[in-house]
Enquirer: 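One structure follows; several queries about it will come next.
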There are 2 protein chains.
Amino acid sequence: MPNHFTPHAAGDLNYLKSLNRSTILSTVRRYPGLSRADIALRTGLTKATVGSVVNALSDSGWLREGELHARGGGRPGRSLYLDGEHHVMLGAEVGVKGLRVVACNLQGELLASQRLDDSPTTPAQTAAVLARLIEALRGDPAIATRPCLGLGVALPGPVAPQAPILRLAPNLGWVDVDFLALLRAELDWPAGVWLLDNEANAAAFGEFYFIEGAPPESIAYLSAGSGIGCGVVSGEHFPVIPRGHQGLVGEIGHTVLVAEGARCHCGNHGCAETLVSGWMLRESLGVEADASLSASLLARLDEPEVRAALARAGRALGLLMLNLHHTLNPSMLILGGSLMRLGEPLVAPALAYFDAHQNDLLRQTQRVPVKVVEDSTFTAARGAAAQVMARAAIEV
Amino acid sequence: MPNHFTPHAAGDLNYLKSLNRSTILSTVRRYPGLSRADIALRTGLTKATVGSVVNALSDSGWLREGELHARGGGRPGRSLYLDGEHHVMLGAEVGVKGLRVVACNLQGELLASQRLDDSPTTPAQTAAVLARLIEALRGDPAIATRPCLGLGVALPGPVAPQAPILRLAPNLGWVDVDFLALLRAELDWPAGVWLLDNEANAAAFGEFYFIEGAPPESIAYLSAGSGIGCGVVSGEHFPVIPRGHQGLVGEIGHTVLVAEGARCHCGNHGCAETLVSGWMLRESLGVEADASLSASLLARLDEPEVRAALARAGRALGLLMLNLHHTLNPSMLILGGSLMRLGEPLVAPALAYFDAHQNDLLRQTQRVPVKVVEDSTFTAARGAAAQVMARAAIEV
DNA sequence: AGAGTTAGTAAATAGTATTAACTAATGGCG
DNA sequence: CGCCATTAGTTAATACTATTTACTAACTCT
């Protein structure tokens, strides 16, 4: 079933070709420096197939050949790498506290970026401002001359799985917005792939996509900012984000942790966000609405009240991490989002709680690794760019 | 990445053939009575391809041709159906309270079944007893002459995603059991596909696989018995069960609903199973360990204490259902497991709680349908058989 | 320098779905 | 009744895929 996330539904020889091309490209992404022969061994394709596909990908600027490397006797193989000098992908994030735009090469390296720390207003105005940022980025001499694979946009709310439309962004007050259409109206642009996704999903995708070597079975990116979201990704060569019926997979901020607990802005009571989230800390600690939360709180870390509040929130975060393991069961957990800037006072209690409450099932196996991303300013935007690359690799 | 759930990893022409054959088979399963031309239209394959594949499937006993049906002018098409008269699949369930074995035809109809209501003891003894049941079933004249596609076994605990091995069945006291190997030792059998899976996953798969017409995007089967488990399935033609790193996707019985709550047998505190589960009701209401829980309680429904306990458990179940929607977000929810026999005193509070606590995001869209399976005696076994069929359809 | 080994390419081959042309079967209409 | 238009299904030719096989290229070791 083709939709805007998974373009085609199999069947003909084109599909097979595309599948193999994409597999080969992905093998080089995961294992840079492999030779044609190595790729053939790894993918199960024959030398001949790999050779012809690799040569075509070299010609079109996706791969470049590197140095020779001999292994034992015999003719040395020629190392292959993703070509970081040709194509670029653009990624953008509309966050509660500002706009971010990045340009990446095929290796996931940031070539240029733009940011604007004003809170977005209406969808249309935001699209106009974002379009100017994107144009500024495209004007950058480092990327102006390069062919662009497309643009991915990350938004702070669930996106409909059937159409690229934002359903609801509670922290922006947006409902059912066709943001790509608004952007298209502002950007007169030939362009290839246009994608829209949830911020946590995009971030998760990017973190997973550019992992070198054999990736974990799956990762969950827990995004703690104004709200709490979570994106899951799995699939070595073709990373997939489970989305569910309404795109709510990973909306763990609104799982209920306290039956009949404090009222949440979602209309329910006792949600995780009432225990840990930017807006909850803002309300309970009395930070002015337009001030940067993390900056304000970082300045007040010597107040016992603040430290206690962060520790409480941290323990709730640890509990969320535990529940995540029994429902989505990722093999790696990444903590990101603006709250991570608060550092140890929030993170240490979370990790401690997580460690202390492993049950027998989890204790039986190796502890799931947790990675903390302190500065996730461009993580979601870069992830959106990664999604563009993944799509383009299939369609090319 | 091939593993014991997803056999092959794409690449060659065989794969393409297998993919299309399986797609066509699945189209007939979802939409019985279509003609070759209808299938071509639906799948995007050409008439020629569909024709040759359908004829091959007819020859091998997977499809049968039915009546002609004219639509407007022109030559009438010949209806196609899965052939219920040839192949059979076997499915088995090892439950806390007994063994179940079924034989199904390709349409998911139960041709024969066997049950034994003794609690299993050791893995080896259980395998021996189960083997006798299976042999008895194979001896049944209704199925003895038919070709058998294989055997699927459902167990009450998580199964390792990389190998068909049971990790842990707390309610049986089993750890790291290679149950298929034990069975193979008891059953001298040529046989095709052998599969092992978690009980909730198997049940979910079966419920989803045999849905006629366009299926929901995904379903979650919430299995409430001695413990609480949940299986998720999605994918119209190729249903997939997300499993996660350790096969714990859907282990929602051990999500924590009460921080620092009552001690759970998993080693943690405040798990969902401490609020709703067979073993918790058994303990709190003082039912003897070897008596049938539902029977004992059904006889005591006039006691206010029992009704109150069931209502409390029901509300916890409703809360679990809500949290499920914000993490796995299925488009349909099926309630099954032995506790469902308790009926309205448990189910009504659950549904009421679920209805009353929908948040804005869920309220925005159509209410997710909930289906209650009162008698799920053979649901998991039949689901295991369905998994055999799905696998065989790819491999044939 | 030559044998042995591995990398990569080229031409021939087998297998896939598609295309285009055909036959088959029905309803509608004169 | 007979003809035509229409749709279903089959067949043979075609285009494209990956594989097989045979080859050339390039290096190490002796």
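On a predicted model such as this, the values are computed, not experimentally measured, just so you know. Because only heavy atoms are used, hydrogens play no part in the values below, and waters and symmetry mates are left out as well, while side chains stay in.
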Enquirer: Determine, for A:R382 against A:E109, whether the closest basic-nitrogen to carboxylate-oxygen distance falls under 4.0 angstrom.
Expert: no
Enquirer: For B:R75 and C:dG28, give me the distance from atom CZ to atom C1', rounded to whole Å.
Expert: 19 Å
Enquirer: Using whole Å, report how far CG of A:L68 lies from C1' of C:dG8.
Expert: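 Value for this atom pair: 12 Å.
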Enquirer: Is B:A70 touching bases, backbone alone, or none of the nucleic acid, heavy atoms closer than 4.0 Å?
Expert: nothing
Enquirer: Does a nitrogen or oxygen in the side chain of A:S35 sit under 4.0 Å from OP1 or OP2 of C:dG8?
Expert: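 Affirmative; the distance criterion is met.
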Enquirer: Does D:dT10 have OP1 or OP2 under 4.0 Å away from a side-chain N or O of B:R36?
Expert: yes
Enquirer: So among A:I39, A:L80, A:V50, which one has a side chain to side chain contact (heavy atoms under 4.5 Å, CB included) with A:L34?
Expert: A:I39
Enquirer: Select from B:G74 and A:K47 the residue whose nearest nucleotide in DNA chain D is closer to the 5' end of that strand.
Expert: B:G74
Enquirer: Given D:dT17, D:dC27, D:dT20, which nucleotide is nearest the side-chain atoms of A:T46?
Expert: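 Minimum distance to the A:T46 side chain belongs to D:dT20.
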Enquirer: If you pin A:L13 and A:G51 to their nearest nucleotides in DNA chain C, which one's is more 5'?
Expert: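 Looking at DNA chain C, the more 5' nearest nucleotide goes with A:G51.
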Enquirer: With respect to A:Y81, which candidate in A:R29, A:Q107, A:E67 satisfies the side-chain hydrogen bond (donor to acceptor under 3.5 Å, both in side chains) definition?
Expert: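 Single side-chain hydrogen bond (donor to acceptor under 3.5 Å, both in side chains) partner of A:Y81 among A:R29, A:Q107, A:E67: A:E67.
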Enquirer: In whole angstrom, what separates B:I24's CD1 from C:dA17's C1'?
Expert: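 Taking CD1 of B:I24 and C1' of C:dA17, I get 11 Å after rounding.
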Enquirer: For a quick test of reading the model: is some side-chain N or O of B:N20 closer than 4.0 Å to OP1 or OP2 of C:dT16?
Expert: no
Enquirer: Compare all side-chain heavy atoms of B:R78 with those of B:S35 and state whether any distance is below 4.5 angstrom.
Expert: no
Enquirer: Any side-chain N or O of A:T49 less than 4.0 Å from the OP1 or OP2 oxygen of D:dA18?
Expert: no
Enquirer: Provide, to the nearest angstrom, the distance between the CG atom belonging to B:L19 and the P atom belonging to C:dG15.
Expert: 19 Å
Enquirer: Identify which nucleotide among D:dT19, D:dG9, C:dT9 has an atom closest to any side-chain atom of B:R78, counting heavy atoms from C-beta outward.
Expert: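 The answer is D:dG9, which lies nearest to the side chain.
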Enquirer: Side chain of B:N14 only, heavy atoms from C-beta on: which candidate in C:dT16, D:dT10, D:dT20 is closest?
Expert: C:dT16
